[in-house]
Structure formats: structure tokens, C-alpha cells
Student: 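My questions will all concern the structure given below.
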Amino acid sequence: MRIAVDGVRLSRKPSGVTFIVISIIKQLAIQCPSWNIYVLLRAEIHPLLKGVLVEDNIKFIISRPSLLNSKSLFWSLFQLNRMINNLNPDYFIAPNTLLYPFFANKKVKKIIFVHDLVFKTWPATMSFLNKIQLIILFKYSIKKAAIIWCNSNYTKRELLNYYHSQTDTKPIFVGAGLNIDFKLALAKYNTTNAAAVKNSVKPYIIFVGTIEPRKNIPFLLTVFKKLSNQFDLIILGGKGWGNAENKISSILNAEDYPKNNVRVISNIDTDHLIALYKNAALYLTTSFNEGLGLPLLEAMACGCPVVCSHNSAMIEVVQGVGITVNSWDVNDWLNAISEVKSNREYYVDRGYKRVDNFNWEKVITSFVKLLNS
């Protein structure tokens, strides 16, 4: 079997989607050693990802952009098509929600990985360019796909809701897991050789995610203000889009806000991230919508209980093993946090068990059966 994968994201600074791409490529290569996995790139793999994909049956093919298609979109529309036609693989996987190969050989079966439908459900929280690109290209992508791969049952339901006529005859595969490299780092983690991150005598709450409107961080800060006598707060996330950063700054700099109890960190290595999760009192997110919610899985895998919004895929990830809050009343959130604080070990134990359901080895086993059927 010859599998080609759109690896354009691997040349950029890693994000959550990047590590899903890596997990798919790596686990396919491990479980199917006789298959050739071709990763199609527009530039060298990002320095932070060097040495991540080293299996013998993974082959990188770089086609650098010309002046005419120097923008990533144009490279995907034109140069990527030529690469696919030259390779003529059995399958092409587009792990970035959009299927760009307009002109690729029709005999090549195309698989699209759908992370979320935020451009439909929460369009106001997206950047303008991303939203327009999805509006224009998403319907085309699912129409051309031979198989649609959703990261959660929630995403599948949303897909069927908005695009039933384009998807009712297509196989829709569901599955995703805790990122492979995070799982490996956690297995090797040792408190004696990884710095424990404790920044105050008080326990702390942690949030991990891109700082952008959908994450609803201003409300998280509103909840935390009522807790600042018990906890500190660590927000770990790179800058996203929109005016979320300005809103956060405005809240933190208000005269009566406990700013000194909040730390905002933009970047950290995996060992320190694991240490942050392990030492946290709990993980808290007030996000409006998540296609899956990888930080929720990371937190639970590290023994950090979760309190989150009762919406989207967070329900199937957390409900029954953490607390999902079905309101925007601050007191309901405070009660949920108090419950986790009082019964922490109960939620930690249940969280460990839930993470077992999100296992890339199991996901790829089922996926390979589908391809071979």
C-alpha cells in the first residue's frame, strides 16, 4: 500500500493539529511496516519536529514553492497536485480539514480528516481568512473525499447535520487519541530529572490552549477571580487570532483583579508541560466549542482532574470522569471546582481510565481494517 499525506503543517511551528498529523503518520508506519508512507512537504520539517518521524517506511518528499506559488494556499492548490500525480499513491490523506488537490488523479482515493466545524457553529470566533477558505472549499472537500475521518462522534454529528446530502453515502470513520509523542514522554517522565513547576505556596489551576475567542478565556478569568484566595492560575497558550489577547489584558489590568495570581506562558517543552499538569490542582476550560479537546486528554493522562463546559466533544471526553458545567453561572462553576477539590482522587482515577479509550493504536487498527475492506 502506498499512502501520501499532506505534510504542509510539519514545516510550521507545531500546534495541536500538527501532533494529530504526526500521530496518524507514525502509527500507520509502525502498524503497517510493509506500507510506504510519503509525507509531502513544501519546506524542511520544523526544527522542533526533527527526529519525530524516523520509521524506515516514512519518506519525506519536498517540493519547494516557486515565486508563483510562494503562499501556502497556492502551493497546496498546484504543486501538491503535481506531487500526488507523480507518486500515484493508493490513498491521499488530507489531515488539515481541507482537500486541495483539484486536479489530482481521480483514481487516487482521498481521505479528509475533519477536526471541527467551528466555521459553521461559532463563525464569529474564527479569523476572517480561515473562515472564508473553509466556506469556499469545505463542501468541495467532502464531496471529493472517498472516506471522511472525524476526530469525535460530536464532529461526525455536526458534519451530518450541516452536510447530510454530501455525506450520506460515504463511509465516515471516527477516531483520535492522545498524541503519541506526548504519551511516550509521559511514560519516560521522571520527577527527578524534569523540573517540577511550582510557582507559589498555593495550589494552581491550569488551562492549555491557543489564546483566541473560542476558548472564552475572559469568562475563565471571571470564575478565577472568585478563587484567587485558594489558587493561582496558569494559562499556557500561544497567541491566536481576534481580540482575545486584548480582552484578557484589560481584565488582568483592572484595578481590583488579582493579577499577581495569574501567569500567562506562551511556550514550554513537553517535560515541563507534563510537570505543570501533574502538579496542578485541576484543569479548567470554559471553551465554547471543541472538536475533540486534546489538552483534556493530556491533563487526565497526567492525573489532573478536569472541569469543562458541557458542550461539543468535551462531553464525550469528560462527562462521567470529570465535571462538565451546563451553565454560564459563575456559582455553578465554583461548585464544580469545589466538588473536584473534595473528591480529587476519585476523578483522577476515572480520568486515567477514560484516556484508554483514546488510543492511536486502536484507532489505526480500525482504520487499516476499513482501508483493506
Student: Kindly state each residue pair satisfying ring pair (Phe, Tyr, Trp, His ring centres under 6.0 Å) with at least one member in residues 150-181, sequence neighbours excluded.
Tutor: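 Passing the test, one end in residues 150-181: F138-Y163, W149-F173, F173-F367.
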
Student: Just checking, is any N or O donor in the side chain of N36 or N57 under 3.5 Å from an acceptor N or O on the other one?
Tutor: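 Side-chain D/A pair, N36 to N57: absent.
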
Student: State the CD-OG distance between Q133 and S76, to the nearest 0.5 angstrom.
Tutor: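 One gets 8.0 Å once the value is rounded to the nearest 0.5 Å.
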
Student: Do the side-chain N and O atoms of S287 and E290 include a donor-acceptor pair separated by under 3.5 angstrom?
Tutor: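 Their side chains do contain a donor-acceptor pair, which is all the 3.5 Å distance test asks for.
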
Student: Do E298 and Y277 touch side chain to side chain, with heavy atoms closer than 4.5 Å?
Tutor: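 Counting from C-beta outward, E298 and Y277 do come under 4.5 Å.
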
Student: Charged N to carboxylate O under 4.0 angstrom, E44 versus R64?
Tutor: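 Judged by the 4.0 Å cut-off on N to carboxylate O distance, E44 and R64 do form a salt bridge.
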
Student: Between N261 and S228, is there a side-chain donor-acceptor contact under 3.5 Å, judged purely by atom types and distance?
Tutor: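 N261 and S228 do not have a side-chain donor-acceptor pair below 3.5 Å.
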
Student: Quick check: closest heavy atoms across W328 and S309, and the distance to 0.1 Å?
Tutor: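 Looking at all heavy atoms of both residues, the shortest contact is CH2-OG, 3.7 Å.
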
Student: Under the ring-ring contact (aromatic ring centres under 6.0 Å, His included) rule, collect the residues that match up with W360, sequence neighbours excluded.
Tutor: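 Listed in chain order: nothing, the list is empty.
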
Student: Decide whether T121 and E158 meet the rule of one side-chain donor and one side-chain acceptor closer than 3.5 Å.
Tutor: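 Per modelled atom types, T121 and E158 side chains form no pair under 3.5 Å.
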
Student: Can you tell whether the side chains of K188 and D271 come within less than 4.0 Å, N to carboxylate O?
Tutor: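 No salt bridge links K188 with D271.
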
Student: With distance as the sole criterion, is a donor-acceptor pair present between the side chains of N335 and E339 under 3.5 Å?
Tutor: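 Judged by distance alone, the side chains do not pair up.
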
Student: Once rounded to the nearest 0.5 Å, what's the spacing between atom CG of L99 and atom CD1 of I111?
Tutor: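 Here the rounded value is 10.5 Å.
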
Student: Assess, by modelled atom type and distance only, whether the side chains of N130 and S127 contain a donor and an acceptor separated by less than 3.5 Å.
Tutor: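 Yes, because at least one side-chain N or O of N130 sits under 3.5 Å from a partner of the opposite role on S127.
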
Student: Please give me the minimum heavy-atom distance between V363 and G175, naming the atom from each residue.
Tutor: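 Distance-wise, the nearest heavy atoms are CG1-C, 3.8 Å.
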
Student: Apply ring-ring contact (aromatic ring centres under 6.0 Å, His included) to residues F224 and W333 and explain how you reach the verdict.
Tutor: CA-CA 10 Å; F224 175 71; W333 287 83; over 10 Å; no

Student: Any salt bridge between D181 and K26, counting N to O under 4.0 Å?
Tutor: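 Answer for the salt bridge query: yes.
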
